[in-house]
Structures are given as structure tokens and as C-alpha cells.
Amino acid sequence: QVQLVESGGGAVQAGGSVKLSCKVSGDLYNSHCMGWFRQTPGKEREGVAVIDADGMTSVADSVKGRFLISRNDANNTLYLQMNSLTPEDTAMYYCAADCPVEWKLPSPNGITADDFIYWGQGTQVMVSS
């Protein structure tokens, strides 16, 4: 059984930093792809950043230069370092993993939740001004 468990969310002031972690357990069909998404009430889930097995990344334009995605396959953990946070970054953040074998790293504006099979329960990040 595959499980993804996020941690590291919380309240932070604008300009601050937060590092999210996502621990993955179980056997993934395709561990090539992992990613972070975020969602606010009434809006669709937004792609934030994805990473492939070679460590290549694609980061959404809205967070580029501020957010960094990384992975440590030795301990099956995905990370999202978030810097220079603004109130617009307030959202529930979800990690995702496993995708069809033909998956390729998308463009920054082509990160889609439809590519991913397994999801964590989410961790809330709230940025105050």
C-alpha cells in the first residue's frame, strides 16, 4: 500500500520560509515522477513543481526563483523549500507520486494533477502579511 505523508506546514509571516517534506512508503509503479501541488478553497489544484528521477525539475512561473523542489531517494522523501513567501502562497500543499511510464517532465505551465496517481493528505501553509 502506497502512502504519502506531508509535514512541515504551518503559519509564517510574509517574507519567511518554510520547508515541506513528503515521506513516501510502499511500492510505486513508477517512482520517476514526484511533485507538489497546492489548492485553495473554490479553486482547482495548481501545479507548483515536479521532479524526475534524474533530479531535473520544472517549477511553475508563479513560484520560480522562490521555491525549490528536491528529492532524497535514499530515504524516500520529497521536499519543497519555499522562500520569500507571500499571502498569495497560502494554500493546502499536496505531494504526489507515481505516473504513467510515458510521463516526461512538463513545461512550467504544463504541470497537471492528472499525471499523478498517489496523493498525500495535504499540509496547510498560511502566510500572513
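These numbers were taken from a predicted model, which means no experiment stands behind them. Note that these values count all heavy atoms, side chains included, but never hydrogens, waters or copies made by symmetry.
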Original post:
Quick check: does any side chain N or O of Asn72 sit under 3.5 Å from a backbone N or O of Ala74, one acting as donor and the other as acceptor?
Top reply: yes
Subject >> Listed once per pair and sorted, the disulfide bond (SG atoms under 2.5 Å apart) pairs that draw on residues 31-73, sequence neighbours left out >> reply: Cys33-Cys99
**OP:** Go through Met56 and Ile51 one step at a time and tell me if the side chain to side chain contact (heavy atoms under 4.5 Å, CB included) criterion holds.
**Re:** CA-CA 6 Å; Met56 299 297 291; Ile51 186 169; over 6 Å; no
Original post:
Does Arg71 make a cation-pi contact with Tyr79, if we ask for NZ or CZ under 6.0 Å from the ring centre and within 45° of the axis?
Top reply: no
**OP:** Provide the full list of ring pair (Phe, Tyr, Trp, His ring centres under 6.0 Å) pairs with a residue in residues 33-65, sequence neighbours left out, each pair given once.
**Re:** Phe37-Phe116, Phe37-Trp119
Original post:
Could you state the interatomic distance from CD (Gln121) to CD (Glu6), rounded to the nearest 0.5 Å?
Top reply: 4.5 Å
Original post:
Using 4.0 Å as the upper bound for N to carboxylate O, is an ion pair formed by Asp52 and Lys104?
Top reply: no
Original post:
How are the rings of Phe67 and Tyr93 set to each other: parallel, tilted or perpendicular (split at 30° and 60°)?
Top reply: tilted
Original post:
Does the side chain of Val63 come within less than 4.5 Å of Arg38's, by heavy atoms?
Top reply: yes
Subject >> side-chain hydrogen bond (donor to acceptor under 3.5 Å, both in side chains) partners of residues 7-24, not counting sequence neighbours, each pair once >> reply: Ser17-Asn83
**OP:** Go through the steps for Leu80 and Leu68 under the test side chain to side chain contact (heavy atoms under 4.5 Å, CB included), then give the verdict.
**Re:** CA-CA 6 Å; Leu80 185 68; Leu68 177 66; over 6 Å; no
Original post:
When clusters are formed by joining ILVMFWY residues with side-chain heavy atoms under 4.5 Å apart, either directly or through shared neighbours, do Leu78 and Ile111 land in the same one?
Top reply: no
**OP:** Identify which one of Ile69, Val24, Asn76, Val50 satisfies the side chain to side chain contact (heavy atoms under 4.5 Å, CB included) criterion when paired with Met34.
**Re:** Val24
Original post:
With sequence neighbours excluded, what pairs up with Asn75 under the side-chain hydrogen bond (donor to acceptor under 3.5 Å, both in side chains) test?
Top reply: Thr77
Original post:
Quick one: side chain to side chain contact (heavy atoms under 4.5 Å, CB included) partners of Asp98, sequence neighbours excluded?
Top reply: Leu28, Tyr29, Asn30, Ile117, Tyr118
**OP:** Tell me who clusters with Val101, hydrophobic residues only, linked when side chains sit under 4.5 Å apart either directly or through other members.
**Re:** none
